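Notes follow the structure.
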Amino acid sequence: MHFTKARIDALEKRTRTHLINSLSGFKSANLIGTQDLLGNTNLSIVSSLIHLGAHPPLVGMIMRPHSVPRHTFENILQTGVYTINQVNKSIYKQAHQTSARYDKDESEFEETGLTPEYLNEFSAPFVKESRLKYSVKFVESKHLEINGTELVIGEIVDVYLDETALQSDGFLDLQAIDTVAVTGLDSYHTANKLTRLPYAKK
């Protein structure tokens, strides 16, 4: 089967969105926790997380165009902090529900039954049910002219994890904490590790 650019462009919008979103394969599913200056909490699922570097520890994510209210992005710009909470098998349905269009004064925590948790005096809420989560300090954002999205870059401040995932060399066994992956917009998966390979040398 061959999809030319013309054929892709001719697809019904939702079909085209599903197809193109699925091309990048398995992606991490994460909940972004934020809070505005009035204390209103927000939670949104994001599958566009990008590792940008370990020294300093930087993480990026793509936020959709700001053509309509984007509470997560607005809160990050307003407060300069947010949390990233990995989705696991126990909460993936609730995590998916956060993608619904709730009003600014409606907390996705309350609407989905997830629990906000505040750790180490960090002002953005974590998801208590997440087994791997970290606090992030906003560093900068880059507006991508080509499609109006925003690349949000942050520095990891504190990491909280279920110790069953941590191996002696720092590697995290995500399968041990039931982390799920997502493909497209709505398909969730568990992963089975094949093996770890030695460092590649010539």
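Source: prediction; values computed, not measured. Note that these values count all heavy atoms, side chains included, but never hydrogens, waters or copies made by symmetry.
Between Val59 and Leu52 the shortest heavy-atom distance is C-CD1, 4.0 Å. The shortest non-hydrogen separation linking Thr72 to Ser44 is OG1-OG, 2.8 Å. When all heavy atoms are compared, the tightest approach of His2 to Thr4 is CE1-CG2, 3.5 Å. Minimum interatomic distance between Ala124 and Gly33 (heavy atoms only, all atoms of both residues): CB-O, 3.8 Å.
Here Leu144 contributes atom CG and Ile146 contributes atom CD1; the two are 8.5 Å apart, rounded to the nearest 0.5 Å. For the atom pair CD1 (Ile45) and OG1 (Thr98), the distance works out to 5.5 Å, reported to the nearest 0.5 Å. Here the OG1-CD distance, from Thr112 to Gln97, works out to 7.5 Å after rounding to the nearest 0.5 Å. From Thr41, atom OG1 reaches atom CD of Glu108 across 7.5 Å, with rounding to the nearest 0.5 Å. Distance CG/Asp162 to CG/Asn88: 9.5 Å, rounded to 0.5 Å. Atom CE in Met63 sits 11.0 Å away from atom CG in Leu151 (nearest 0.5 Å).
Inter-residue side-chain proximity for Thr164 and Ile177 is flagged as met; some heavy-atom pair is nearer than 4.5 Å. The shortest distance between side-chain heavy atoms of Val87 and Leu31 falls below 4.5 Å. Under the 4.5 Å side-chain criterion, counting only non-hydrogen atoms from C-beta, Asp169 is in contact with Arg196. Looking at heavy atoms from C-beta onward, His71 lies out of side-chain contact with Glu106 at the 4.5 angstrom threshold. Contact check for Asp36 versus Glu74: no side-chain heavy atoms found under the 4.5 Å cut-off.
Enclosure of atom CD in Glu163 is not indicated, since only 12 or fewer non-hydrogen atoms of other residues, nucleotides or ligands lie within 6.0 angstrom. The 12-atom threshold is not exceeded at OH of Tyr92, counting heavy atoms of other residues, nucleotides or ligands nearer than 6.0 Å. No more than 12 heavy-atom neighbours from other residues, nucleotides or ligands sit within 6.0 angstrom of CD on Glu110. In this structure, Lys193 places its NZ atom where more than 12 heavy-atom neighbours from other residues, nucleotides or ligands lie under 6.0 Å away.
A donor-acceptor distance shorter than 3.5 angstrom exists from the side chain of Arg16 to the backbone of Leu11, with no hydrogens or angles considered. No donor-acceptor pair under 3.5 Å is formed between the side chain of Ser22 and the backbone N or O of Thr183. A donor-acceptor pair under 3.5 Å is absent between the side-chain atoms of Glu155 and the main chain of Val139, judged by distance alone. The backbone N or O of Lys128 sits less than 3.5 Å from a side-chain atom of Lys133, completing a donor-acceptor pair. Of the possible donor and acceptor atoms, one in the side chain of Thr83 sits under 3.5 Å from a partner among the backbone N and O of Pro125. In terms of modelled atom types and a separation under 3.5 Å, the side chain of Asn120 and the main chain of Phe122 share no donor-acceptor contact. In this structure, Lys137 contributes its side chain and Val157 its backbone to no donor-acceptor pair below 3.5 Å.
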What verdict does the side chain to side chain contact (heavy atoms under 4.5 Å, CB included) test give for Asn75 and Asn40, after you've listed the backbone C-alpha separation in whole Å, the side-chain angles of each residue and the deciding distance to 0.1 Å? CA-CA 9 Å; Asn75 290 350; Asn40 297 308; over 6 Å; no

Applying side chain to side chain contact (heavy atoms under 4.5 Å, CB included) to Asn21 and Lys27, what does each step give before you reach the verdict? CA-CA 10 Å; Asn21 266 278; Lys27 298 170 285 188; 4.0 Å; yes

Quick one: do Leu172 and Gln86 satisfy side chain to side chain contact (heavy atoms under 4.5 Å, CB included)? Show the steps, please. CA-CA 12 Å; Leu172 293 179; Gln86 273 197 3; over 6 Å; no

Leu161 vs Tyr134, test: side chain to side chain contact (heavy atoms under 4.5 Å, CB included). Steps then yes/no. CA-CA 8 Å; Leu161 54 89; Tyr134 39 105; over 6 Å; no

Decide yes or no on side chain to side chain donor-acceptor pair (under 3.5 Å) for Tyr118 and Gln35, but give the supporting numbers first. CA-CA 11 Å; Tyr118 294 89; Gln35 180 172 291; 2.3 Å; yes

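Follow the hydrophobic side-chain contacts under 4.5 Å out from Val136 and you reach Leu49 in the same cluster. Under the 4.5 Å side-chain contact rule for hydrophobic residues, Val81 and Tyr160 share a cluster. Cluster membership check: Leu43 does not share its hydrophobic cluster with Phe73, using side-chain heavy-atom separations under 4.5 Å among Ile, Leu, Val, Met, Phe, Trp and Tyr. Taken together through direct or relayed side-chain contacts under 4.5 Å among Ile, Leu, Val, Met, Phe, Trp and Tyr, Ile32 and Phe138 form part of one hydrophobic cluster. In this structure, Val46 is a member of the same hydrophobic cluster as Leu132, with clusters built from ILVMFWY side-chain heavy atoms closer than 4.5 Å.
For the residue pair Asn85 / Ser130, no side-chain donor-acceptor distance below 3.5 Å is found, with atom types taken as modelled.
Partners of Lys142 under the salt bridge (Lys or Arg N to Asp or Glu O under 4.0 Å) rule, at least two apart in sequence or in another chain, are Glu140.
Ring geometry, His189 versus Phe26: the interplanar angle exceeds 60°, so the pair is classed perpendicular (tilted spans 30 to 60°).
Under 4.0 Å is where a charged nitrogen must lie from a carboxylate oxygen, and between Glu150 and Arg70 no such pair does.
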